[in-house]
Each structure stands twice: as C-alpha cells, then as structure tokens.
J.: 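Provided herewith is a single structure, encoded as structure tokens, for subsequent inquiry.
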Amino acid sequence: MSRKCSVDLSYLERMEVDCNQGESTIPSFEEDCVELGGVKDMRLEAEAVVNDVLFAVAEMFVSQKMDNALDVAYINVETREGNRYCLELTEAGLRVVGYAFDQVDDSLSTQFHETVYSLLDSLSPGYREAFGNALLQRLERLKQNGQ
C-alpha cells in the first residue's frame, strides 16, 4: 500500500513523494519521534528547513538570540526582495511572527503553513521563481539521463 510521506531528501525530492510502507530504509518522521520519546526537536527541524530552501532566499538562519526549544524554534529569513521575517516553527507548522530578525510581535495573528515551501511561496515572488528554475533544471537533468 502506498502513502504520502516526506523523508530526508534534497529540497526538490523532499516535497511529498509516493513511497511504499516497508520498502524505505530511511526512518520516517514517526520512527524518529519514537526514538525521541514522541517529541520532535524543532531546533533540528529548523536547521533542516534552512538547508532545504537556502538556495532560493537572500539569507536564512536559525536564530541564536531567540529561545529555541524542543517544541519551538525561530528562523530568520530575508527574501530575494529584501523583506525580513522572523518565523516560528512548531508542530502546527511555520508562521511569520515578526517583520525583522529576532523579533516577535505578539499582536500578529498570522496563518500557519504546513511547509516552508508554502510559506515562502506566499511571501516571495523571487522564491517562486528560484524554486521553479531549480525544478526545471532538475527535470532537464532527468530527461538528459533518460529517466
């Protein structure tokens, strides 16, 4: 039986892919959670988020000034348009919590996004263009390799 899952792959491959249960040798998120006692370490997730999309933004890094913990991490991002954001990453997803690095505006009530791709797509036309170009390059390489 096939199910939707995401595993540790490159930024393009990490998007949801079909995979068969029992065939993957890469541990799933659920397996990782069991190893961590059922808690997903958001600091590690934040690093993975940054590594996935760094190619498509001007600057992005996990905040060292904000209180990151097992259940919440903060990511600073500057889009290709020069806009700066502080993002909050929790089990609920990612959301904008500030319009400057290392800054949380408690009066903001922004939408949670399930993926960093969705969040950046809503914030940055430059991200959309860079991601689309990377996808086209990947497809061209696959076509040239006869796959």
Side-chain angles (χ1 to χ4, degrees), residues 2-19 24-33 35-36 38-147:
S2 181
R3 68 178 174 102
K4 293 281 187 190
C5 65
S6 103
V7 292
D8 292 330
L9 301 170
S10 73
Y11 62 91
L12 291 176
E13 295 166 326
R14 189 167 178 171
M15 292 187 292
E16 288 186 322
V17 295
D18 279 329
C19 65
S24 176
T25 59
I26 300 171
S28 70
F29 164 68
E30 291 82 8
E31 291 167 345
D32 288 341
C33 284
E35 292 172 18
L36 292 171
V39 177
K40 188 175 181 182
D41 188 339
M42 288 299 137
R43 296 167 297 195
L44 296 175
E45 284 297 310
E47 290 293 344
V49 164
V50 169
N51 290 333
D52 273 356
V53 297
L54 190 57
F55 75 97
V57 296
E59 185 177 8
M60 189 173 201
F61 57 94
V62 177
S63 175
Q64 300 300 312
K65 295 180 181 177
M66 304 291 288
D67 289 332
N68 293 311
L70 279 177
D71 61 345
V72 64
Y74 295 92
I75 301 169
N76 294 315
V77 62
E78 182 176 337
T79 64
R80 289 182 171 218
E81 295 80 20
N83 299 319
R84 288 185 168 194
Y85 302 95
C86 183
L87 310 177
E88 177 187 73
L89 173 65
T90 65
E91 283 288 335
L94 289 125
R95 69 182 181 126
V96 173
V97 293
Y99 295 107
F101 286 175
D102 300 314
Q103 188 176 76
V104 174
D105 181 347
D106 292 326
S107 69
L108 284 180
S109 179
T110 56
Q111 171 185 345
F112 277 99
H113 291 263
E114 192 172 318
T115 66
V116 67
Y117 313 110
S118 170
L119 184 139
L120 288 173
D121 188 65
S122 72
L123 296 175
S124 172
Y127 165 80
R128 275 193 302 275
E129 182 179 351
F131 189 87
N133 288 339
L135 183 59
L136 286 173
Q137 290 173 1
R138 171 90 170 137
L139 290 172
E140 282 297 320
R141 280 195 306 273
L142 288 173
K143 183 180 175 182
Q144 289 173 358
N145 292 334
Q147 294 180 345

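Computation of the quantities below employed the complete heavy-atom set of this structure, encompassing side-chain atoms and omitting hydrogens, waters and symmetry-equivalent molecules.
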J.: So which heavy atom on Arg43 is nearest to which on Asn68, and how close?
T.: CG-CB, 3.8 Å

J.: State which residue, out of Leu87, Val116, Leu123, fulfils the side chain to side chain contact (heavy atoms under 4.5 Å, CB included) condition with Val77.
T.: Leu87

J.: Look only at the side chain of Asn83 and the backbone of Thr79, and say whether a donor-acceptor pair between them is shorter than 3.5 Å.
T.: no

J.: What's the shortest heavy-atom distance between Ala56 and Arg80, and which atoms?
T.: O-NE, 3.2 Å

J.: Measure the CG-CZ distance between Leu139 and Arg141 for me, rounded to the nearest 0.5 Å.
T.: 9.5 Å

J.: Out of curiosity, Gln111 CD to Ser122 OG, how far, rounded to the nearest 0.5 Å?
T.: 7.0 Å

J.: Distance from Asn133 atom CG to Arg138 atom CZ, nearest 0.5 Å?
T.: 15.5 Å

J.: With a 3.5 Å cut-off and sequence neighbours excluded, list the donor-acceptor pairs that the side chains of residues 94-105 form with protein atoms.
T.:
residue	atom	partner	partner atom	Å
Arg95	NE	Glu88	OE1	2.8
Arg95	NH2	Glu88	OE1	3.3
Asp102	OD1	Ser63	OG	2.4
Asp102	OD1	Asn76	ND2	2.9
Asp105	OD1	Ser107	N	2.9
Asp105	OD1	Ser107	OG	2.5
Asp105	OD2	Ser107	OG	3.4

J.: Can you establish whether the number of heavy atoms outside Glu129 located under 6.0 Å from its atom CD is more than 12?
T.: no

J.: If you look at every heavy atom in Ala46 and Leu89, which pair is closest and at what distance?
T.: N-CD2, 3.5 Å

J.: Apply side chain to side chain donor-acceptor pair (under 3.5 Å) to Arg128 and list each qualifying residue two or more places apart in sequence or on a separate chain.
T.: none

J.: Between the main-chain N or O of Tyr127 and the side-chain N or O of Asp121, is there a donor-acceptor pair closer than 3.5 Å?
T.: no

J.: Can you check side chain to side chain contact (heavy atoms under 4.5 Å, CB included) on Val49 and Met60, steps first, answer last?
T.: CA-CA 9 Å; Val49 164; Met60 189 173 201; 4.1 Å; yes

J.: How many angstroms lie between atom NZ of Lys143 and atom CD of Glu140, to the nearest 0.5 angstrom?
T.: 5.5 Å

J.: What are the two closest heavy atoms between Cys86 and Tyr74, and how far apart are they?
T.: SG-CD2, 4.1 Å

J.: Drop me the distance from Asp52's CG to Glu45's CD, to the nearest 0.5 angstrom.
T.: 9.5 Å

J.: Taking only residues two or more places apart in sequence, or in another chain, which ones meet Glu47 in a salt bridge (Lys or Arg N to Asp or Glu O under 4.0 Å)?
T.: none

